[in-house]
Undergrad: 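One structure follows; several queries about it will come next.
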Amino acid sequence: MPRHLIDIHDLSVEEIAELITLGEDIIAKPADYQDAAKRLKLATLFFEPSTRTRLSFEAAMLDLGGSILGFASQDSSSAAKGESVADTIRTVQCYADIIAMRHPKEGAPLVAAKHATVPIINAGDGGQNHPTQTLTDLLTLHREFGQLHGLTIGLCGDLKFGRTVHSLIAAMARYPGVHFVLISPKELDTPDYVIEQIKRGGATYQECRQMEPAMPKLDALYMTRVQRERFFNEADYVRLKDSFILTPDKLKRAKKDMIVMHPLPRVNEISVAVDDNPRARYFDQVRYGKFIRMALILKLLGRV
Ligand code: NCD
């Protein structure tokens, strides 16, 4: 049976620690891994737009000495002719040793995994999960703070549809002493099933409507884009899209070593004036994303 990554819970806390250690080793000694996936192929099946996730998967496999194939949009695959996910997977696994898949429908990568004889990695499914962005975020936090327990994380923006938020909460809720500050307009509140995961994991949380009062207690502020493509009508999106805009001024009351994260793409929610602020980590996250995906590919291929 191949090993898949569909939900961040598919990895134990110990396995996440191993991946972080491996990711840090690859950052330190990339040449040691340049042939680690030689002659193996990664397929990227992206039924939804992507810049960082798809390219970082591809760069990761190339830097491991492997090769890549795939498609970057639904329109350029047989999905446009009505092919099912199951049949697409049955096809692609004839040509590839591991598959990263992004799909607008929640659960599509799980369906893929049920029909797969090679590892399937969920690269984002609808508004549900994005476990490899979470691994990127965890590596970023670990490099910054040296550990993951005891952190207070502010999550701000679209907590309803933001899949990166859902996976990050699911992952972080398992570490002792974690506190979440959930900052969103009422319409974009964190779904109940995600709140349940916080409670089950033993973490604590509070919900608020403004970022300024929460700022002094945060170790990290994780900003997110309002997910236009998941809204039922444009008027609601337009009304909510600029609910939160982070500016250098708003960061003045933050702790000295507090960092600003964002999975990107950014629209308006972080002013470009923050980019030069020493707290900004969102472009570092982009860089770390390739290394943690290298670690994950090696793990799922059974190479480590
Ligand atoms: C995110 C996604 O696709 O969910 N981007 C990413 O993969 N880094 C966030 C977003 O689209 O807002």
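Counting starts at 1 for both ligands and their atoms, following the listed order.
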Undergrad: Within a reach of under 6.0 Å around CG of D32, are more than 12 heavy atoms found that belong to other residues, nucleotides or ligands?
TA: yes

Undergrad: So does K255 pair up with D219, basic N to acidic O under 4.0 Å?
TA: yes

Undergrad: Output yes when a side-chain donor or acceptor of Q133 lies under 3.5 Å from a complementary backbone atom of H130, and no otherwise.
TA: no

Undergrad: Please state which protein non-hydrogen atom is closest to atom 8 (N) of ligand 1 and give its distance, to 0.1 Å?
TA: P263 O, 2.9 Å

Undergrad: Whether the side chain of S76 engages the backbone of S73 through a donor-acceptor N/O pair (distance < 3.5 Å, no angle test) should be reported.
TA: yes

Undergrad: May I ask you to check if R102 and F46 form a cation-pi contact, with NZ or CZ under 6.0 angstrom from the six-membered ring centre and within 45° of the axis?
TA: no

Undergrad: What do we get for T224 next to ligand 1 when only non-hydrogen atoms under 4.0 Å count, side chain, backbone, both or neither?
TA: neither

Undergrad: Would you mind listing which atoms of ligand 1 come within a distance below 4.0 Å of any non-hydrogen atom of R225?
TA: 10 (C), 11 (O), 12 (O)

Undergrad: List the closest protein heavy-atom neighbour of atom 9 (C) of ligand 1: residue, atom name, distance to the nearest 0.1 Å.
TA: L264 O, 3.5 Å

Undergrad: Looking at T53, which atoms of ligand 1 are within less than 4.0 Å of one of its heavy atoms?
TA: 6 (C), 7 (O)

Undergrad: Would you say that more than 12 heavy atoms from the other residues, nucleotides or ligands in this model lie under 6.0 Å from the NZ of K41, or not?
TA: no

Undergrad: Under 4.0 Å, counting heavy atoms only: does E48 come that close to any atom of ligand 1?
TA: no

Undergrad: Are any of the N/O atoms on H130, whether in the backbone or the side chain, positioned under 3.5 angstrom from an N/O atom of ligand 1?
TA: yes

Undergrad: Should P265 be listed as contacting ligand 1, given a heavy-atom distance under 4.0 Å as the test?
TA: yes

Undergrad: Which of the numbered atoms in ligand 1 are under 4.0 angstrom from any heavy atom belonging to Q133?
TA: 6 (C), 8 (N)

Undergrad: If we ignore angles and hydrogens, is there a donor and acceptor under 3.5 Å between the side chains of E83 and T88?
TA: yes

Undergrad: Can you find an N/O atom of T164 closer than 3.5 Å to an N/O atom of ligand 1?
TA: no

Undergrad: Specify the protein heavy atom at minimum distance from atom 4 (O) of ligand 1: its residue, its atom name, and the distance to 0.1 Å.
TA: R163 NE, 2.7 Å

Undergrad: Got a sec: does the CZ of F232 have more than 12 other heavy atoms crowding it under 6.0 Å?
TA: no

Undergrad: For ligand 1, which is the ligand I care about here, please tell me if E229 has any N or O atom under 3.5 Å from one of the ligand's N or O atoms.
TA: no

